[in-house]
2 protein chains.
Amino acid sequence: MTPLEVPAPTIARLALYLRCLRACRREGVRTISSAGIGARTGISSGQIRKDLSYFGEFGRPGIGYAVDALLEHLSAIMGLNRPHTVVLVGAGNLGRALLGYPGFEESGFRIAAVFDNDPAKIGRSTVGRKILDMATLAEANKEIGAEFGMIATPASAAQEVADALVEAGVRGILNFAPAHLTVPETVTARNVDLTREIEVLCYFVGP
Amino acid sequence: MTPLEVPAPTIARLALYLRCLRACRREGVRTISSAGIGARTGISSGQIRKDLSYFGEFGRPGIGYAVDALLEHLSAIMGLNRPHTVVLVGAGNLGRALLGYPGFEESGFRIAAVFDNDPAKIGRSTVGRKILDMATLAEANKEIGAEFGMIATPASAAQEVADALVEAGVRGILNFAPAHLTVPETVTARNVDLTREIEVLCYFVGP
DNA sequence: TAGATTGTTAATCGATTAACAATC
DNA sequence: TAGATTGTTAATCGATTAACAATC
């Protein structure tokens, strides 16, 4: 069900197909071909069929894919057929934006609590959620039971926060701080680095 | 100077090396080996040397790399040895976070103006910047001369905004909306999709 | 000098693409 | 049936790794 030999780029594209299929469902499209998904995502139809083939046979030759069914299959493969709970660390600008970002909830990720270590912030509320003391993270997560942690702190604090999240029992970390994290093998960390993205864009734009 | 045969993953790593070298400089480290960069970034020393070799010879056998000099070289390669101007479209939650994010300025990207099409927002200020009418984008950018545009709108508006940015003369677009953009070949678009990132993380965390 | 480390080559590994028989 | 489209195979392409002579 989770074959190890699936290429990582395939998984990243699966999330794209999901997005496309959700849009199809909203639009009332019932059936779509790999070429149709390709037109909407910019990925070649062959690549799409190859990606799906790692997980099974979901389509019908001559017809295409049933949108609802493929959506169900891909959701299950990605682990998105059930809700997930997230704790957020860092109640600054970026943290507040993540709290207010509707996309997470729509994909089934609920940010259950926000933590910070700034005494000026602890106890206050932001985007409708109370800011809790970072020092209480492990204790609080016994109650919350979050699987995921998001780091929206300065880079200098990121590793320390990651350690605390691991200690608190999260199994996945989405790190928005521009820092390389070291985590145990039992935990998966993934980085989103805004500065890096615009720098890479700058290279490709050229002089 | 900008060989076309450089792999895209190499460019993404170059941004990582830059981040590492900036940290070294802050710490007063004058010289670093590829193994040293590897320890700080999680990338193998061989990969690092290979990546650098696409652009020249920057190190000395037995010694390593001069931090300042390599920083200069990589900055020039990435086009980061001069300031860049950005216009932001979308003054919602995410847009405000991008405005307040210090990392862009530190890398030389200045967000010169914010645009929105919501009459309730136009004319007001956010994070110290006045929100301008989206309809005036092309006209305003004759003055501003921004090379880059950032899209922080709902997905439904993203393509339309991208078209307007292209019309206004930007050459690179960083798109935070979960939508696939179609842009002319002369323009480079890059996506940052927060929902996608946590979905991919979810897959790798497993059940 | 001896030890460290680079730049580069060749070998390996992995991902994408092209093409088509099978199927609806 | 004829046309469309899948799933899969083999071929191609590209990126990473291992290894080492050259060099400081």
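Lettering follows sequence order; numbering is per chain, from 1.
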Inset, instruction - Could you note down all residue pairs passing side chain to side chain donor-acceptor pair (under 3.5 Å) where residues 108-118 of chain B supplies at least one of them, sequence neighbours left out? - result: none
Inset, instruction - Please collect all side chain to side chain donor-acceptor pair (under 3.5 Å) contacts where either partner lies in residues 162-174 of chain B, sequence neighbours excluded, each pair once. - result: B:Q159-B:D163
Kindly indicate whether the side chain of [X], heavy atoms from C-beta on, has any atom under 4.5 Å from the side chain of [Y].
X      : Y      : answer
A:F104 : A:L98  : yes
A:I11  : B:F204 : yes
A:V166 : A:T186 : no

Legend entry - Any residue of residues 23-46 of chain A with a heavy atom less than 4.0 Å from an atom of DNA chain D: A:S33, A:S34
Inset, instruction - Please list residues of residues 59-74 of chain A whose heavy atoms come under 4.0 Å from any atom in DNA chain D, ordered by number; otherwise none. - result: A:G59, A:R60, A:P61, A:G62, A:I63, A:G64, A:Y65
Show me the side-chain donor-acceptor pairs of residues 65-80 of chain A shorter than 3.5 Å, one per line, residues at least two apart or across chains.
{"from": "A:S75", "atom 1": "OG", "to": "A:L71", "atom 2": "O", "distance (Å)": "2.8"}

Legend entry - salt bridge (charged side-chain N to carboxylate O under 4.0 Å, His left out) partners of residues 186-205 of chain B, not counting sequence neighbours, each pair once: A:R19-B:D193, A:R22-B:E199, A:R190-B:E197, A:E197-B:R190
Inset, instruction - Enumerate the residue pairs fulfilling salt bridge (charged side-chain N to carboxylate O under 4.0 Å, His left out) with a member in residues 27-40 of chain B, sequence neighbours excluded, ordered by first and then second residue. - result: B:E27-B:R40
Legend entry - A:T41: partners by side-chain contact (heavy atoms from CB on, under 4.5 Å), with sequence neighbours left out: A:C20, A:I37, A:I43, A:I48
Legend entry - Non-neighbouring partners of A:R129 that pass side-chain contact (heavy atoms from CB on, under 4.5 Å), sequence neighbours left out: A:L99, A:I111, A:V114
Inset, instruction - At the 4.0 Å heavy-atom cut-off to chain A, mark where contacts on DNA chain D begin and end, going 5' to 3'. - result: D:dA4 to D:dT9
Legend entry - Which nucleotides of DNA chain D pair, in dot-bracket form (Watson-Crick or G-U under 3.5 Å, | meaning another strand): ..||||||||||||||||||||||
Inset, instruction - Give the intermediate values and the outcome of side chain to side chain contact (heavy atoms under 4.5 Å, CB included) for residues B:I151 and B:F176. - result: CA-CA 6 Å; B:I151 301 179; B:F176 291 88; over 6 Å; no
Inset, instruction - Can you run down the ring pair (Phe, Tyr, Trp, His ring centres under 6.0 Å) pairs that involve residues 135-161 of chain B, sequence neighbours left out, and say none if there aren't any? - result: B:H84-B:F148, B:F109-B:F148
